Novice: 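Here it is, the structure, as structure tokens.
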Amino acid sequence: VSDSDDLSVGKAVVSTQSTGGEVSRYLLRYSGVKWVDRRIPLTKEGYNEWWNEKYSCGLDLPNLPYLVDGNVKISQSVAINRYLGRKFQLVPTDPAAVLKCDMVEQEANDFRVTFQNLIVKNQEEFGKAKPEFLEKTGKRLEMLDKYVGDGPFVLGEKLSYVDFMVFEYVSQIQKMAPEFVDNAPNIAKLLTTVQNLPELQDYFSGEEFKKGTLINPAFTSFPG
């Protein structure tokens, strides 16, 4: 953490929990450090605000979300998650565990991308694409369930930043088709275990979570 023990996060609220920035928020909430949650709204004013600062805010690869930790400025959601994982000792050191973490990280991110590609379709195309999406996703969840194992986390008893990625992105699918997660008992256990973490109970029981649970933009075919 920076010398002031403060972290500053900025991201556009394309959706409160279904965008890449929410995982970093889980990590920050879990850690207990002080941080600033700066959200740029999905409005004309919000876009203008971001474009006015995008190339002058000191980011090497300007994008949303971004994180500022003292002199460190990071964009790209997965890079932010990895950085916070290392900072808060939520990463493995054993080579086999590192490999498992890497693979599940990318699988979770694939869930995010395919889900978002589906929900931004118009209603007609969404209806046509949804059955194939669910069929493929169901099979991938079964494979992930077997690979993760009894858990309760990806790395057994050790919590890692990847668990928050699985929680966030699979929870979205659970909203749309809960039976697919029910058929993946190890993943279902992981979701429940993360949601029961003592460090996150204030958030999960608060109004921010209740209002923001899987709210995708109003223009999507599955706002949640």
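Only a predicted model underlies this, so the values are computations on that prediction, with no experimental measurement involved.
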Novice: Using a 4.5 Å cut-off on heavy atoms from C-beta on, say whether the side chain of L159 contacts that of L197.
Specialist: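 Sidechains of L159 and L197: in contact.
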
Novice: How many angstroms lie between CG in D60 and OG in S75, if you round to the nearest 0.5 Å?
Specialist: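 It is 7.5 Å, given to the nearest 0.5 Å.
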
Novice: Any carboxylate oxygen within less than 4.0 angstrom of a Lys/Arg side-chain nitrogen, looking at E22 and R29?
Specialist: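 So E22 pairs with R29 through a salt bridge.
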
Novice: Do V113 and Y169 belong together in a cluster built from hydrophobic side chains that touch within less than 4.5 Å?
Specialist: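 No, because V113 and Y169 fall into different hydrophobic clusters, even though each may have its own neighbours under 4.5 Å.
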
Novice: Are V33 and F88 packed together at the side-chain level, in the sense that at least one heavy-atom pair is separated by less than 4.5 angstrom?
Specialist: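 Answer yes - side chains close enough.
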
Novice: Hydrophobic cluster membership, with links at side-chain heavy-atom distances under 4.5 Å among I/L/V/M/F/W/Y: are V181 and M143 in one?
Specialist: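 No.
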
Novice: Between the main-chain N or O of D145 and the side-chain N or O of N186, is there a donor-acceptor pair closer than 3.5 Å?
Specialist: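 Between the backbone of D145 and the side chain of N186 there is a qualifying donor-acceptor contact (under 3.5 Å).
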
Novice: Heavy-atom count around E179 CD within 6.0 Å, excluding the residue itself: above 12?
Specialist: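 Correct, the count exceeds 12.
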
Novice: Suppose we call two aromatic rings close when their centres sit under 6.0 Å apart. Are Y26 and F167 close by that rule?
Specialist: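 Yes.
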
Novice: Could you tell me if the side chain of I80 sits less than 4.5 Å from the side chain of P65, heavy atoms only?
Specialist: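 Yes. Closest side-chain heavy atoms under 4.5 Å.
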
Novice: Might you work through the side chain to side chain contact (heavy atoms under 4.5 Å, CB included) test for L141 and N183, ending with a clear yes or no?
Specialist: CA-CA 8 Å; L141 275 173; N183 291 331; over 6 Å; no

Novice: Do L90 and L99 belong to the same hydrophobic cluster, where Ile, Leu, Val, Met, Phe, Trp and Tyr are linked whenever their side-chain heavy atoms lie under 4.5 Å apart, directly or via other members?
Specialist: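 They do share one cluster, since a chain of ILVMFWY contacts under 4.5 Å joins L90 to L99.
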
Novice: List the steps, then state whether side chain to side chain contact (heavy atoms under 4.5 Å, CB included) holds for N48 with E45.
Specialist: CA-CA 5 Å; N48 288 338; E45 292 75 18; 5.6 Å; no

Novice: Shared ILVMFWY cluster between Y147 and M165, side chains joined below 4.5 angstrom?
Specialist: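 Looking at the clustering, M165 is in the same group as Y147.
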
Novice: Identify the two heavy atoms, one from Q89 and one from K158, that lie closest to each other, and give their separation to 0.1 Å.
Specialist: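 Scanning both residues, the minimum pair turns out to be O-NZ, 3.4 Å.
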
Novice: If you measure only the distance, is there a donor-acceptor pair under 3.5 Å linking the side chains of Y161 and E105?
Specialist: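 Y161 vs E105: donor-acceptor pair found between side chains.
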
Novice: When you measure from the side chain of K73 to the backbone N and O of C57, does any donor-acceptor pair fall under 3.5 Å?
Specialist: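 Yes.
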
Novice: Quick one: pull up OG1 in T192 and CD1 in I187 and give me the separation to the nearest 0.5 Å.
Specialist: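 Taking OG1 in T192 and CD1 in I187, the distance rounds to 11.0 Å.
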
Novice: Only one of V154, V91, L155, N81 passes side-chain contact (heavy atoms from CB on, under 4.5 Å) with V162; say which it is.
Specialist: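 Answer after filtering V154, V91, L155, N81: V154.
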
Novice: Looking at every non-hydrogen atom in both residues, tell me the closest pair between A79 and I74 and how far apart they are.
Specialist: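 In this case the closest contact between A79 and I74 is CB-CG2, 4.1 Å.
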
Novice: Step by step, work out the ring-ring contact (aromatic ring centres under 6.0 Å, His included) result for F133 and F180.
Specialist: CA-CA 12 Å; F133 166 82; F180 285 88; 8.6 Å; no

Novice: Is the side chain of T137 donor-acceptor paired with the backbone N or O of L134 at a distance under 3.5 Å, no angle test?
Specialist: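 No; judged by distance alone, with no hydrogens or angles, the pair does not exist.
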
Novice: Kindly assign one of parallel, tilted or perpendicular to the pair W50 and Y66, based on the angle between their ring planes and the thresholds 30° and 60°.
Specialist: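 Correct class here is parallel.
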
Novice: Counting only heavy atoms not in D110 (residues, nucleotides, ligands), do more than 12 fall under 6.0 Å from its CG?
Specialist: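 It does: D110 CG has more than 12 such atoms within range.
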
Novice: Say whether F164 and V98 are linked into one hydrophobic cluster, either directly or through other cluster members, by side-chain heavy-atom distances under 4.5 angstrom.
Specialist: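 No.
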
Novice: For atom CD of E125, decide whether the heavy atoms of other residues, nucleotides or ligands shown that lie under 6.0 angstrom number more than 12.
Specialist: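 Enclosed.
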
Novice: Does K128 come within less than 4.0 Å of E124, counting only side-chain N to carboxylate O?
Specialist: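 Looking at K128 and E124, the cut-off is met.
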
Novice: Can you name the closest pair of heavy atoms from E157 and G151 and give their distance?
Specialist: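 Taking E157 first and G151 second, the nearest heavy atoms are OE2-O, 4.1 Å.
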
Novice: Please step through side chain to side chain contact (heavy atoms under 4.5 Å, CB included) for the pair E49 and E53, ending with a clear verdict.
Specialist: CA-CA 7 Å; E49 178 184 350; E53 69 174 78; 4.1 Å; yes

Novice: So, do M176 and K130 sit near enough that their side-chain heavy atoms are less than 4.5 Å apart?
Specialist: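 Yes, their side chains come closer than 4.5 Å.
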
Novice: Once rounded to the nearest 0.5 Å, what's the spacing between atom CZ of F115 and atom OG of S171?
Specialist: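 Output value for this atom pair is 10.5 Å.
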
Novice: Keeping the roles fixed (side chain from D69, backbone from V72), state whether a donor-acceptor pair exists under 3.5 Å.
Specialist: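 No, because the side chain of D69 does not come within donor-acceptor range (under 3.5 Å) of the backbone of V72.
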
Novice: For R25 and D37: C-alpha separation, side-chain torsions, deciding distance, then whether side chain to side chain contact (heavy atoms under 4.5 Å, CB included) applies.
Specialist: CA-CA 8 Å; R25 290 193 180 102; D37 188 5; 2.9 Å; yes

Novice: Within this structure, what is the CZ-SG distance for the pair F153 and C101, rounded to the nearest 0.5 Å?
Specialist: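 So the CZ of F153 and the SG of C101 are separated by 12.5 Å.
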
Novice: For the atom pair OG (S160) and CG (D163), what is the distance rounded to the nearest 0.5 Å?
Specialist: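 The distance works out to 4.0 Å.
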
Novice: If you round to the nearest 0.5 Å, how far is CG of L67 from NZ of K87?
Specialist: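 CG of L67 is found 9.0 Å from NZ of K87.
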
Novice: Should the heavy atoms of other residues, nucleotides or ligands under 6.0 Å from NZ of K136 be counted, would the total exceed 12?
Specialist: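 No, not enclosed.
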
Novice: Would you say the side chain of Q172 lies within less than 4.5 Å of the side chain of F111, judging by non-hydrogen atoms?
Specialist: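 No - every pair of side-chain heavy atoms lies 4.5 Å or more apart.
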
